[in-house]
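Structure first, then comments.
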2 protein chains.
Amino acid sequence: MGLTKTALFTKQQNEIAAMAKALAHPARIAIIQYLIKQNACICGDLVEQLGLAQATISQHLKELKAVGIIQGTIEGASVCYCIDPKTWKRYQQVFAGFLKDVDFKDSSCC
Amino acid sequence: MGLTKTALFTKQQNEIAAMAKALAHPARIAIIQYLIKQNACICGDLVEQLGLAQATISQHLKELKAVGIIQGTIEGASVCYCIDPKTWKRYQQVFAGFLKDVDFKDSSCC
DNA sequence: TTGTTACATTGCAATATTACGATAAAACAA
DNA sequence: TTGTTTTATCGTAATATTGCAATGTAACAA
């Protein structure tokens with residue numbers, strides 16, 4: 001069917017998966033890293049930097065905006081993008097919480 | 001085209017994206033959480049727990065095995081799955097490294 | 001106004017993912 | 001051996017993702 005059965009899982013599980021999905025493409029990782037390095041930039045900079053078509057970059061930016069990890073502010077004809085500090089902290093917390101230390105038994109399997 | 005242009009990105013960016021992709025489905029999050037809670041379990045347990053078809057669970061297990069986050073050992077007719085401690089630590093390090101603290105300028109955007 | 005620049009959106013093609021029934025394979029019991 | 005249990009794999013359908021050319025839209029300049 002190709003449709004994830006969201007209802008079978010907890011809210012938390014769906015949230016972690018959705019957050020991971022936003023990071024599940026190298027172009028989006030590259031965008032985030034570039035935004036951190038430059039503090040902020042416009043869409044055109046990313047098109048040059050990454051070597052993907054403008055429409056493609058715009059689509060990736062849309063996805064990152066949808067999960068709230070970046071925000072864009074209109075700056076004349078261009079749009080200035082940057083990391084949203086609040087969502088960034090949430091990402092840190094959620095992933096640190098999920099990837100917590102586990103007390104693995106000796107050679108854990110059976 | 002539907003084909004990610006892997007060559008445009010660094011090895012590190014591709015790795016982070018691949019690791020995130022493995023976590024980008026709630027069923028796989030649920031499987032990992034259950035494995036941590038129970039220390040280990042067999043495929044049949046997960047089929048009961050999650051309410052997905054056996055073929056579907058088996059497929060998710062295959063993906064998790066492919067990135068090395070879980071390992072399976074044959075135990076008679078069944079297969080015992082558990083978290084791979086080494087890969088788990090790598091996940092912790094990689095995500096902690098990527099989601100590091102950022103010194104956000106005042107209201108960071110432009 | 002006309003033209004230009006910067007992005008977003010639309011429409012499409014190629015590929016990937018999700019899900020499951022059916023079937024295969026391997027271990028074991030009777 | 002035959003049957004049962006457990007998991008993997010195959011085949012298929014439905015849906016999602018990736019990528020880009022073309023087009024739309026908004027801001028600005030001349």
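Chain naming here is simple, since letters A, B, ... match the order of the sequence lines and numbering starts at 1 in each. Values in this document were obtained by computation on a predicted structure and should not be read as measured data.
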Rounded to the nearest angstrom, tell me the gap between atom CG in B:Leu8 and atom P in D:dT18. 14 Å

Decide yes or no, distance alone: a donor-acceptor N/O pair under 3.5 angstrom between the base of D:dA8 and the side-chain of B:Gln54. yes

Is it true that B:Val67 and A:Leu23 fall in one hydrophobic cluster, defined by side-chain heavy atoms closer than 4.5 Å? yes

What contact category does B:Glu63 fall into here, base, sugar-phosphate, or nothing, at under 4.0 angstrom with non-hydrogen atoms? sugar-phosphate

Heavy atoms only, 4.0 Å cut-off, all strands: where does B:Ile74 land among base, sugar-phosphate and nothing? nothing

Could you check how far CG of A:Leu3 sits from C1' of C:dA16, rounded to whole Å? 15 Å

May I have the distance from A:Leu64 (atom CG) to D:dT18 (atom P), rounded to whole angstrom? 11 Å

Any side-chain N or O of A:His60 below 4.0 angstrom from OP1/OP2 of D:dT17? no

On the nucleotide C:dT17, are OP1 or OP2 found under 4.0 Å from the side-chain N or O atoms that B:Lys21 carries? yes

More 5' along DNA chain C: A:Ala55 or B:Ala24, using each one's nearest nucleotide? A:Ala55

How long is the line joining CD1 of B:Ile42 and C1' of D:dA8, in whole Å? 14 Å

Any donor and acceptor pair, going by atom type alone, linking the side chain of B:Ser78 with main-chain N or O of B:Ile42 inside 3.5 Å? no

B:Lys62 has an atom NZ; how far is it from atom P of C:dC20, in whole Å? 17 Å

Donor-acceptor contact present, side-chain B:Trp88 to main-chain A:Lys100, <3.5 Å: yes

Can you tell me if the side-chain N/O atoms of B:Thr56 get under 4.0 Å from OP1 or OP2 in C:dA19? no

Nearest-nucleotide comparison on DNA chain C, the residue closer to the 5′ end among A:Thr6 and A:Lys65: A:Lys65

Nearest to the side chain of B:Gln59, which nucleotide is it out of C:dA19, D:dT15, D:dC20? C:dA19

Nearest to the side chain of B:Ser78, which nucleotide is it out of D:dT7, D:dG19, D:dA27? D:dT7

Quick note, B:Leu61 side chain, CB onward, closest among C:dA8, D:dA8, D:dT5 is D:dA8

Is the shortest side-chain N/O distance from B:Lys5 to OP1 or OP2 of D:dC20 below 4.0 Å? yes

Only stems of 3 or more consecutive Watson-Crick or G-U pairs count here, both distances under 3.5 Å; name the ones for DNA chain C, or none. C:1-30 with D:1-30

Close side-chain approach of B:Pro85 and A:Val102, heavy atoms under 4.5 Å: no

The side chain of B:Ala53 is closest to which nucleotide in this list: D:dT18, C:dG21, C:dT5? C:dG21

Does either side chain, that of B:Gln92 or that of A:Asp101, offer a donor lying less than 3.5 Å from an acceptor on the other one? yes

Excluding sequence neighbours, so at least two apart, what forms side-chain hydrogen bond (donor to acceptor under 3.5 Å, both in side chains) with B:Gln33? A:Gln12, A:Gln13

Contact check, side chains of A:Ile70 and A:Asp84, non-hydrogen atoms, under 4.5 Å: no

Winner on side-chain proximity to B:Thr4, out of D:dG19, C:dA8, D:dT7, is D:dG19

B:Tyr81 vs D:dA8: side-chain N/O to OP1/OP2 distance below 4.0 Å: yes

Write down the distance between CD (B:Glu48) and P (D:dT6), rounded to a whole number of angstrom. 10 Å

Using whole Å, report how far CG of B:Asp45 lies from P of D:dT6. 10 Å

Take the protein atom NE2 of B:His25 and the nucleotide atom C1' of C:dT17, then report the distance between them rounded to whole Å. 8 Å

For B:Glu15, check side-chain contact (heavy atoms from CB on, under 4.5 Å) against everything at least two apart and list the hits. B:Met19, B:Arg90

Angle between ring planes, A:His25 versus A:His60, binned at 30° and 60°: parallel, tilted or perpendicular? tilted

Counting side-chain heavy atoms from C-beta on, which of C:dA8, D:dT7, D:dT15 comes nearest to B:Ser58? D:dT7

